[in-house]
Student: 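So that we are looking at the same thing, I have put the structure below in structure tokens.
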Amino acid sequence: MERPHNSSIFPFDERRDLIVLQTKEEAIAFAAEHWEHTALRSIQRRGRFAVALSGGSTPKPVYEIICRSKKIDWSKVWLFWSDERAVSPDSSESNYHMVMEAGFQHLSIPKAQIFRMRAEKEIQKGAKMYEEAIHTHLVPSLFDLVLLGLGEDGHTASLFPETQALEETTRLVRENSTPKGERMTLTFPCIQQSSHVTFLIFGKAKASIVREVLGAPLISSWPASRVGTPENKALWILDSEAAQKIFK
Ligand code: 6PG
């Protein structure tokens with residue numbers, strides 16, 4: 001496939017769109033703008049924006065920009081997470097903690113519209129409670145946007161290679177025993193039914209796995225290869241370092 005000459009969204013295949021920004025800073029800025037645009041459009045069309053935020057280190061600078069938006073009516077935002085570690089909410093390992101520290105703690109999102117994944121104890125019960133919250137507040141539609149990252153082993157959210165949650169076909173949320181410990185995660189059925197799914201992937205350390213996942217069949221040893229459908233294409237937002245092996 002020819003690399004597009006300018007930074008615009010282009011179809012990679014029938015399930016994924018890509019955009020490659022020259023620098024990490026441009027990719028961060030684009031990702032924040034895309035989040036804001038998706039939020040405004042969702043609030044305009046359906047009166048709410050239900051978003052599942054990804055964890056890890058990549059998205060924090062994007063969240064810091066998003067929190068400075070002057071256009072979003074935060075009272076219409078419903079905040080969820082794509083996954084969580086089995087740690088307390090004030091742990092530096094917590095995805096909830098990272099998001100709040102990035103600035104979401106200062107926003108006027110009603111507390112009743114912030115849904116922390118309670119993964120630190122009784123994780124199975126916590127996963128069931130999280131699923132109930134999605135059914136109560138979102139179903140029949142699910143998320144307006146799910147943000148995801150990509151691990152160097154091809155995991156996304158907490159859907160790690162060769163773990164049980166990969167095989168889940170009905171539950172929207174579940175506990176998962178992973179090489180990085182006990183996790184709570186959205187499942188493929190949940191992610192695939194959401195209106196928009198966006199991967200944020202920056203840096204040369206991800207270049208090899210980006211090429212592997214994009215080149216893999218739908219079902220592969222890389223869980224992230226399953227994300228994206230012709231009806232709800234996944235958007236991959238990359239900087240040129242992360243994309244450097246795609247077009248080789
Ligand atoms: C987590 C994330 C996980 C993350 C990838 C990429 O809880 O760690 O949800 O899926 O997105 O591991 O992590 P980095 O952004 O730190 O590379």
Side-chain angles (χ1 to χ4, degrees), residues 12-18 51-59 80-87 93-96 115 117-120 122-135 138-139 142-143 145-201 205-206 208-236 242:
F12 179 80
D13 60 18
E14 77 288 352
R15 300 192 297 117
R16 280 88 52 106
D17 290 335
L18 263 66
V51 59
L53 297 176
S54 65
S57 57
T58 299
F80 294 78
W81 274 256
S82 304
D83 69 326
E84 186 56 279
R85 294 89 179 270
V87 295
E93 288 300 303
S94 158
N95 290 334
Y96 169 86
F115 298 87
M117 284 183 163
R118 298 175 184 286
E120 68 272 23
E122 295 183 303
I123 196 166
Q124 289 184 352
K125 184 179 167 195
K128 286 191 171 56
M129 285 169 61
Y130 212 74
E131 175 132 6
E132 281 164 19
I134 292 174
H135 280 285
L138 303 187
V139 168
L142 290 179
F143 291 103
L145 175 62
V146 173
L147 283 187
L148 296 172
L150 178 65
E152 291 182 47
D153 60 358
H155 82 264
T156 191
S158 282
L159 299 164
F160 284 77
E162 297 174 24
T163 57
Q164 280 202 331
L166 298 184
E167 307 319 319
E168 182 59 53
T169 57
T170 51
R171 290 173 62 186
L172 302 177
V173 187
R174 58 163 289 165
E175 65 291 343
N176 199 25
S177 297
T178 82
K180 291 198 174 174
E182 288 305 301
R183 296 285 188 96
M184 188 183 303
T185 185
L186 299 185
T187 60
F188 286 124
C190 181
I191 293 167
Q192 302 289 56
Q193 291 176 67
S194 297
S195 305
H196 295 84
V197 183
T198 298
F199 280 97
L200 306 180
I201 311 168
K206 299 289 176 73
S208 295
I209 192 62
V210 163
R211 181 185 58 192
E212 295 295 333
V213 170
L214 289 175
L218 176 71
I219 306 296
S220 78
S221 44
W222 321 116
S225 67
R226 293 203 213 179
V227 176
T229 64
E231 300 73 32
N232 293 327
K233 294 182 81 175
L235 172 62
W236 287 50

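Keep in mind the model is a prediction, meaning the values are calculated, not measured.
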Student: Please check: side-chain N/O of Gln192 versus main-chain N/O of Gly228, any donor-acceptor pairing under 3.5 Å?
Tutor: yes
Student: Ignoring hydrogens and angles, tell me if any N or O in the side chain of Glu131 forms a donor-acceptor pair with the backbone of Leu172 under 3.5 Å.
Tutor: yes
Student: Can you check whether Val87's main-chain N or O pairs, donor with acceptor, with Ser94's side chain at less than 3.5 Å?
Tutor: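 No.
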Student: When rounded to the nearest 0.5 angstrom, what distance separates CG in Leu147 from CG in Leu200?
Tutor: 5.5 Å
Student: Contact between Phe188 and Val227 at the side-chain level, heavy atoms closer than 4.5 Å - yes or no?
Tutor: yes
Student: So, for Met184 and Gly126, which heavy atoms are closest and what is the spacing to 0.1 Å?
Tutor: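 Closest approach of Met184 to Gly126, heavy atoms only: CE-C, 3.5 Å.
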Student: For Arg226 and Leu166, indicate whether the former's side chain and the latter's backbone hold a donor-acceptor pair under 3.5 Å.
Tutor: yes
Student: Checking the side chain of Arg85 only, and the main-chain atoms of Glu93 only, is there a donor and an acceptor separated by less than 3.5 Å?
Tutor: yes
Student: Less than 4.5 Å apart, any side-chain heavy atom of Val213 and any of Thr156?
Tutor: no
Student: Pairs under 3.5 angstrom only: tabulate donor-acceptor contacts from the side chains of residues 214-224 to other protein residues two or more places apart or in another chain.
Tutor:
| unit_1 | atom_1 | unit_2 | atom_2 | d |
| --- | --- | --- | --- | --- |
| Ser220 | OG | Trp222 | N | 2.9 |
| Ser220 | OG | Trp222 | O | 3.2 |
| Ser220 | OG | Ser225 | OG | 2.7 |

Student: Any chance you could measure Ser195, atom OG, to Leu145, atom CG, to the nearest 0.5 Å?
Tutor: 9.0 Å
Student: Mark yes or no for whether Asp153, through its side chain, and Pro161, through its backbone, hold a donor-acceptor pair below 3.5 Å.
Tutor: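 No; zero donor-acceptor contacts below 3.5 Å.
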Student: Is the shortest heavy-atom distance from the side chain of Thr58 to the side chain of Lys206 under 4.5 Å?
Tutor: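 Yes, close enough: below the 4.5 Å cut-off.
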Student: Does the Tyr96 side chain pair with the main chain of Trp81, one donor and one acceptor, at a distance under 3.5 Å?
Tutor: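 Side chain of Tyr96 to backbone of Trp81, a donor-acceptor pair under 3.5 Å: no, none is there.
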Student: Quick check: does any side chain N or O of Asn176 sit under 3.5 Å from a backbone N or O of Arg183, one acting as donor and the other as acceptor?
Tutor: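 No; zero donor-acceptor contacts below 3.5 Å.
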Student: Which value, rounded to the nearest 0.5 Å, describes the distance between Ile123 atom CD1 and Ser177 atom OG?
Tutor: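 Ile123 CD1 to Ser177 OG: 8.0 Å, rounded to 0.5 Å.
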Student: Distance-only, no hydrogens or angles: does the Thr187 side chain make a donor-acceptor pair with backbone N or O of Arg171 under 3.5 Å?
Tutor: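 Yes, because the side chain of Thr187 sits within donor-acceptor range (under 3.5 Å) of the backbone of Arg171.
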Student: Any side-chain to backbone donor/acceptor pair from Asp83 onto Ser54? Under 3.5 Å, distance only.
Tutor: no
Student: State, to 0.1 Å, how close Asp13 and Lys233 come at their nearest heavy-atom pair, and which atoms those are.
Tutor: O-NZ, 3.1 Å
Student: Please work out which of the three classes, parallel, tilted or perpendicular, describes the rings of Trp236 and Phe199, given edges at 30° and 60°.
Tutor: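 Ring orientation, 0 to 90° scale: tilted.
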Student: Kindly determine whether Lys125 and Glu132 satisfy salt bridge (charged side-chain N to carboxylate O under 4.0 Å, His left out), including the steps that lead there.
Tutor: CA-CA 11 Å; Lys125 184 179 167 195; Glu132 281 164 19; over 6 Å; no
